[in-house]
Amino acid sequence: MPLALLALAIGAFGIGTTEFVIMGLLPEVAADYGVTIPTAGFLVTGYALGVVLGAPLMTVLGTRVPRKRMLMLLMGLFIAGNVLSALAPAFGVMLAGRVVASLAHGAFFGIGSVVAAGLVAPEKKAGAIAMMFTGLTVANVVGVPLGTLVGQTAGWRLTFVIVAALGVLGLLGIAKLVPELPRPEGVRIRHELAAFRNVQVLLAMAMTVLGFGGVFAAITYITPMMTNVAGFADTSVTWLLVLFGLGMVAGNLIGGRFADRALMPMLYVSLGSLAVVLAVFTLTAHTKAGAAVTVVLIGALGFATVPPLQKRVLDQAAGAPTLASAVNIGAFNLGNALAAWLGGLVIAAGLGWTAPNWVGAALAASALVLAVVSGALERRTAGTHPGEVGGRGDVGGNGGSGSPAVAVPAAGAVPAHH
């Protein structure tokens, strides 16, 4: 794997830390600003919605900017947002800081996925994407638990100062390790938009929203659930987040490995298992041992879906993958926002701290249904057009839009990608 993937992983580490660390600090932030925990949950929802909006916006703005320079600019925006969060005098200002930081998230992972996939041979694309996302998962083993511990002992504001420093490290890593990549010639927004006419691209994004949303329904409220139901001390949440992060690392690497071999079966297994484990979590959350094991499984199964879903979008939008890839990162966070909101609703309705687990199970099961539909459509199309790879009549995977596929070569075919 090229050394440039390490730089992308460093940036992903910083972004992953700021995205997830807030979940372990919701009680502290809520108390500091005098708001309820469900209200503080808007810091999760707001960040996620910022990713959803920022992914296409920043990607479109960056179409005429060389990819390395755009990645550096995105890290600069990330740093600014976290500094604002650390200094925020009021809840609304902190929410604004979270949104500013989130604007960099989707485009960074979207562009980074294309770059990662383009640096390796076609049969190693999912593995390269998984390598970049390893930074995000390792953040949950190292960055998030340490950030939570710092926030609980020295104040949550210091946590965001440290996160901003991680952003600086990521910026320097990209500047040093990512090669100068020329912007692909002939990039046109209309070609990128044409990918969204492909029903398989839309189905993959819907799977992303629902599948990963299932994870966030449970994990957003992990702190009050574990302290009020399982009986863990506040300080034990740090170690539970470490377990969640270890599960994420394992699931991400396994998902990347098997997505290059059998992508759709990997999705069927991971989504189906995730739905079952989330449902079971409503029972296991009442014991410390059961809760700890289940948290690991949620992390593993949830992130086992990430490389195959991202590769699915890249494959189906192969002629113009950049915008579709970034929007799919936004789809992960749309799922996060939806799940955090629904989880807050069922808690506020008095259904108990474990109620978000049922929400998560329903979301993951819905994603599995869409995966089965997507696989069936692909088999039917392949049978109708046996001479076409993947059953797609147009090279760009644009659902027969007729758009020329010469704008951007397929991911993995060009050493200067995403």
With a 6.0 Å cut-off (strictly less than), is the heavy-atom count around [atom1] of [X], excluding the residue itself, greater than 12?
X: W353; atom1: CH2; answer: yes
X: R257; atom1: CZ; answer: no
X: F42; atom1: CZ; answer: no

*Show your reasoning for whether ring pair (Phe, Tyr, Trp, His ring centres under 6.0 Å) applies to Y33 and W156.*
CA-CA 12 Å; Y33 288 122; W156 61 265; 5.6 Å; yes
*Do F258 and I254 come close enough that some side-chain heavy atom pair is under 4.5 Å?*
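Yes, close enough: below the 4.5 Å cut-off.
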Kindly say whether [Y] contributes a backbone atom to a donor-acceptor pair with the side chain of [X] at under 3.5 angstrom?
X: S236; Y: F232; value: no
X: T18; Y: G14; value: no
X: S273; Y: S270; value: no
X: T39; Y: V35; value: no

*Just one of L203, N198, L202 clears the side-chain contact (heavy atoms from CB on, under 4.5 Å) bar with Q316, so which one?*
N198
*Do T282 and T354 have side-chain N/O donor and acceptor atoms under 3.5 Å apart?*
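T354 and T282 do not have a side-chain donor-acceptor pair below 3.5 Å.
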*asked:* For a quick check under 3.5 Å, do R312 and T208 share a side-chain donor-acceptor pair by atom type?
replied: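 Absent: no donor and acceptor within the cut-off.
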